[in-house]
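All values reported here derive from a predicted model rather than from experimental measurement. No hydrogens, no waters, no symmetry mates; every other heavy atom, side chains included, goes into these values.
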Protein chains: 2
Amino acid sequence: MSTVLETPKGKGEATRERILEIAEAAVLAKGFGATSIEEVIAEAGLTKSGFFYHFKDKNALAREMVRRYVATNDRLFDEIFGRGQQLSDDPLQAFLISLKLLAETMADLPNGHPGCLIASICYQERLFDREIRDLTAQSVRDWNARFRTILDGIAAVHPPREPVDLDDVADMLSCIVDGAIIMSKTLNDPGRLERQIMIFRSCIKLMFAPPLS
Amino acid sequence: MSTVLETPKGKGEATRERILEIAEAAVLAKGFGATSIEEVIAEAGLTKSGFFYHFKDKNALAREMVRRYVATNDRLFDEIFGRGQQLSDDPLQAFLISLKLLAETMADLPNGHPGCLIASICYQERLFDREIRDLTAQSVRDWNARFRTILDGIAAVHPPREPVDLDDVADMLSCIVDGAIIMSKTLNDPGRLERQIMIFRSCIKLMFAPPLS
DNA sequence: GAGAAACCGTACCATGAGTACAGTTTTGGA
DNA sequence: TCCAAAACTGTACTCATGGTACGGTTTCTC
């Protein structure tokens, strides 16, 4: 936090990070329940004892995975929506720019989006304790609130053409992204995520942009 | 097929159906990997031998679950979008009516939408064989094509205000629904699914309906 | 009443989560 | 340089679950 680079951590921290990264990839491909600790430690190159030195149990692993995922996503959103605000003073234009940036970022992922951890957990809710479910719920609420704030700024300048609930429009972005990730993965067509974000962008234009001519 | 009622099946068929129903609920709550055959047979009231008499292995169970899920969904869509066409000759109005019906149907589910089996499988792809993944992919393609056909009919009468790719708009519905199901479940707020379908409906209106006045 | 369909019972194997605990290496700081 | 804490390794269990094998029993249907 105090330096631009990551604060230097001990060797253990690096191992933890490696475990979390491997585990996340496995969970997104097979689900938490079907991800064995054995395969994670095999890929990470350490023993079962080593794993349990870092994580009390599988649930502790899940908790840290979610924290990591949420933090990474928060940083990405900070960057993308901050950049949009830098590039235009008009809140609508800024948002449209950010959405384009988001679409490009998703399109640039080498093998397509690996998946949304929150969605993965949602479809295995019974496997997790209350703390983890609260964590996922709160992160979704935070993201929705972030988008809602942006929309408030837009609506103040550009009154919507049709009466729409801004909370619902804010929710819509997360829904589109999560749904498009699923469609991309199911159809094995990574491009669909980018296109869905762009079509959402068109909807925003239709809602707030003044009609041409 | 030949009669209005389900063709009468043997007793075994009823058991199969019961197993599939219980298994589907369990899979949507905990994921396929974490759903044990033991708990399914316990709830169904039969033994492990009985289970394996009906299904070769867990993958065969998954295959039949998907078939069942897709068939049920197809029937629902047939009904809802057929009903819309009955109620208006204008393709746009018919679609808007159908979307309203869809939203109401989702709102009427007693404990909220139980979850999308295709999404659940998508987040555990490695657990399933090619046949199952092909099945889920094909069903998504079919649904998208269905919506695309409807949109073609609309665009022929009501040219879109803004250039939009109709394939993307068609995809959008599935994405919204899948994403909204996840949000509903994660936030434990079933109402969000209905509202997202209605906001999608607003977007359709904005795209195709002529501006008022 | 015979044969097929729809099961039950039992025994068994392999895998993976998780526990326990003692021992070993590595690392950073006084 | 040495010492203590951190970061592991190794072994040896328990328990639950998926899955196999196979023979026996009930129940339905023609």
Side-chain angles (χ1 to χ4, degrees), chain A residues 3 5-27 29-65 120-121 124-129 131-132, chain B residues 6-27 29-65 120-121 124-129 131-132:
Chain A
T3 57
L5 294 170
E6 297 290 318
T7 28
K9 302 284 173 59
K11 187 192 170 200
E13 202 62 27
T15 304
R16 278 172 71 91
E17 191 65 20
R18 203 167 72 253
I19 293 172
L20 287 171
E21 200 174 318
I22 292 167
E24 186 177 313
V27 166
K30 317 192 301 186
F32 185 75
T35 296
S36 73
I37 293 180
E38 311 251 341
E39 63 169 306
V40 172
I41 62 178
E43 204 179 328
L46 79 166
T47 63
K48 198 180 261 195
S49 314
F51 174 87
F52 283 105
Y53 172 78
H54 287 289
F55 301 98
K56 186 177 143 283
D57 52 20
K58 231 183 153 190
N59 241 302
L61 172 68
R63 200 161 43 242
E64 291 311 308
M65 274 178 52
S120 174
I121 287 172
Q124 307 184 51
E125 41 170 2
R126 287 286 149 74
L127 301 182
F128 304 94
D129 54 36
E131 193 185 344
I132 291 177
Chain B
E6 297 290 318
T7 27
K9 303 284 174 57
K11 186 192 170 199
E13 202 61 27
T15 304
R16 278 172 72 92
E17 192 65 20
R18 202 166 72 251
I19 292 173
L20 288 170
E21 201 174 317
I22 294 167
E24 186 177 312
V27 167
K30 317 191 301 190
F32 186 75
T35 296
S36 74
I37 294 181
E38 311 251 342
E39 63 171 306
V40 172
I41 61 178
E43 205 179 328
L46 79 166
T47 63
K48 198 180 259 193
S49 314
F51 175 87
F52 284 105
Y53 171 78
H54 287 287
F55 302 98
K56 188 176 140 281
D57 53 22
K58 231 183 154 190
N59 241 301
L61 172 68
R63 198 161 45 239
E64 291 311 309
M65 274 177 52
S120 175
I121 287 172
Q124 308 183 50
E125 41 171 0
R126 286 285 148 75
L127 300 182
F128 304 94
D129 54 37
E131 193 185 343
I132 292 177

- prompt: What's the CD1-C1' distance between B:Ile41 and D:dT17, to the nearest Å?
  reply: 11 Å
- prompt: CG of B:Leu46 versus P of D:dT27: gap in Å, rounded?
  reply: 15 Å
- prompt: For A:Glu125, which residues count as a side-chain hydrogen bond (donor to acceptor under 3.5 Å, both in side chains) partner, sequence neighbours excluded?
  reply: none
task: Do nucleotides 9-24 of chain C as a string where each nucleotide becomes B, S or -: B if the base has a protein heavy atom under 4.0 Å, S if just the sugar-phosphate does, - if no protein is that close.
output: BB-----SBBB-----
- prompt: Can you name the side-chain hydrogen bond (donor to acceptor under 3.5 Å, both in side chains) partners of A:Glu17, sequence neighbours left out?
  reply: A:Arg68
- request: Would you please confirm or rule out a distance under 4.0 Å between OP1 or OP2 of D:dA7 and any side-chain N or O of A:Tyr53?
  value: yes
query: Has B:His54 got a side-chain N or O lying under 4.0 Å from the OP1 or OP2 atom of C:dC7?
result: yes
task: Taking B:Gln124 for its side chain and B:Phe32 for its backbone only, find out whether a donor-acceptor pair lies under 3.5 Å.
output: yes
query: For A:Phe55 and D:dA6, what is the distance between atoms CZ and C1' respectively, to the nearest whole Å?
result: 15 Å
- request: Please list all pairs passing the salt bridge (Lys or Arg N to Asp or Glu O under 4.0 Å) test where one or both residues lie in residues 50-63 of chain B, with sequence neighbours left out.
  value: B:Arg63-B:Asp129, B:Arg63-B:Glu131
- request: Taking side-chain contact (heavy atoms from CB on, under 4.5 Å) as the test, write out the residues that go with A:Ala34, two or more places apart.
  value: A:Lys30, B:Leu127
- prompt: How would you list, by chain and number, every residue that makes a side-chain hydrogen bond (donor to acceptor under 3.5 Å, both in side chains) with B:Glu38, sequence neighbours excluded?
  reply: B:Lys48
- prompt: Whole Å only: how far is the CD atom of A:Glu13 from the P atom of C:dG28?
  reply: 13 Å
